[in-house]
Amino acid sequence: MKNRWRKLAVCMLPLLAGGCWFEAGVPVRYYDLAPVALQDCREGLPVSISEFENFSPSGTRIMVRYADGVMRETPNAKWVQNPGELVTRRLIGGMSGAEAAGDTSHSIHVRGRITEFTVSHADRTFELDGFYVLQAADNKEFRRNFRIRAPLAEDTETGWVQAASAAVAELAEMLNADLSAPEVR
């Protein structure tokens, strides 16, 4: 009987002491996009922005596409929110006069979808694709598809986040210009 307990103890010792022998995992790093700064949009007409839908392969993990087409998530780098939430928050924060969607009867309403929010390792770019729809109070709609490629200054997590921030800033500029377009009025 004692022999059985000894054998069990000897077998269990490596499992129980494993934490002392192996290095602890690398902590997860959380990344956010840089703020977007634009001038007033639409000459004071209120703009409401609904959360963009996220149809991209990225959730909160940063996704990297390699030359062979394989997508890999970064194990220790995450976005603070999913791409739809990140983009929406930065658009609202960067456009004075813009607000989260609510009563849209007196404003232009913006809704959209993100279909790509990925680092392209082969092209050394950050890819931001999707569309947005501007809907005026009279229900007239204007749709814009976008495909933005922001170059990576460096192929690191920090470089990826800087390129993603630049892509969202370019999207904000595009949206701001469309809000002033005659076909939206």
Side-chain angles (χ1 to χ4, degrees), residues 22-42 47-101 110-134 143-181:
F22 299 105
E23 185 175 284
V26 177
V28 174
R29 291 169 303 284
Y30 292 90
Y31 293 97
D32 196 359
L33 299 174
V36 171
L38 295 173
Q39 299 301 317
D40 288 345
C41 46
R42 261 311 276 244
V47 175
S48 65
I49 303 177
S50 288
E51 182 180 314
F52 276 48
E53 298 174 302
N54 179 33
F55 275 62
S56 76
S58 298
T60 56
R61 295 258 187 222
I62 298 176
M63 298 297 290
V64 181
R65 175 178 287 115
Y66 291 88
D68 58 2
V70 173
M71 298 276 292
R72 292 190 182 100
E73 62 182 31
T74 54
N76 299 93
K78 295 176 82 171
W79 297 111
V80 294
Q81 296 173 297
N82 77 52
E85 294 167 332
L86 284 171
V87 169
T88 304
R89 184 167 50 87
R90 287 306 181 202
L91 291 176
I92 291 170
M95 302 176 122
S96 37
E99 59 186 32
V110 179
R111 67 182 188 279
R113 180 176 293 169
I114 304 296
T115 56
E116 197 68 54
F117 197 82
T118 345
V119 175
S120 174
H121 192 266
D123 298 333
R124 294 189 49 84
T125 60
F126 187 86
E127 301 176 346
L128 174 59
D129 297 349
F131 69 87
Y132 57 81
V133 177
L134 309 178
R143 178 184 167 127
R144 164 87 63 200
N145 293 318
F146 57 87
R147 181 184 160 121
I148 299 170
R149 300 296 178 263
L152 300 177
E154 55 186 64
D155 195 9
T156 63
E157 291 171 6
T158 302
W160 302 343
V161 173
Q162 289 169 345
S165 295
V168 173
E170 186 176 332
L171 174 62
E173 293 284 351
M174 185 184 305
L175 175 59
N176 197 33
D178 284 343
L179 286 167
S180 301

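Because the structure is predicted, anything quoted here is derived from the model rather than measured.
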Interatomic distance, Ser58 atom OG to Glu127 atom CD [nearest 0.5 angstrom]:
10.0 Å
Tightest non-hydrogen contact, residues Asn76 and Val26, listed as ND2-O, 2.8 Å
So among Ile114, Thr118, Thr115, which one has a side-chain contact (heavy atoms from CB on, under 4.5 Å) with Leu128?
Ile114
As an exercise, state the distance from CD of Gln81 to CG of Asp32, rounded to the nearest 0.5 Å.
7.0 Å
Apply side chain to side chain contact (heavy atoms under 4.5 Å, CB included) to the pair Val161 and Arg29, showing each step before the final yes or no.
CA-CA 12 Å; Val161 173; Arg29 291 169 303 284; over 6 Å; no
Angle between ring planes, Tyr66 versus His121, binned at 30° and 60°: parallel, tilted or perpendicular?
tilted
Aromatic rings Tyr132 and Phe52: how do their planes relate, parallel, tilted or perpendicular, breaks at 30° and 60°?
tilted
How long is the straight-line distance from CZ of Arg144 back to CG of Leu171, given to the nearest 0.5 Å?
10.5 Å
Residues Ala163 and Pro151: closest non-hydrogen pair is CB-O, 3.6 Å
Centroid-centroid under 6.0 Å between Trp160 and Tyr31 rings
no
For Asp129, is there an ion pair with Arg113 - N to carboxylate O distance below 4.0 angstrom?
no
Where do Ala167 and Ile148 come nearest, in terms of heavy atoms and distance?
O-CD1, 3.7 Å
Locate the shortest heavy-atom distance separating Pro57 from Met63; write the atom from each residue and the value.
O-CG, 3.9 Å
Correct closest heavy-atom pair for Asn54 and Gly84 would be CB-N, 4.0 Å
Separation between CD of Glu154 and CZ of Arg124, rounded to the nearest 0.5 Å
9.0 Å
For the CD atom of Glu51 and the CG atom of Asn82, what is their distance to the nearest 0.5 Å?
6.0 Å
Apply side chain to side chain contact (heavy atoms under 4.5 Å, CB included) to residues Leu86 and Val168 and explain how you reach the verdict.
CA-CA 9 Å; Leu86 284 171; Val168 173; over 6 Å; no
Straight-line distance of Tyr30 OH to Trp79 CH2, nearest 0.5 Å
14.0 Å
Between Ser50 and Arg111, which heavy-atom pair has the shortest distance, and what is it?
CB-CB, 4.3 Å
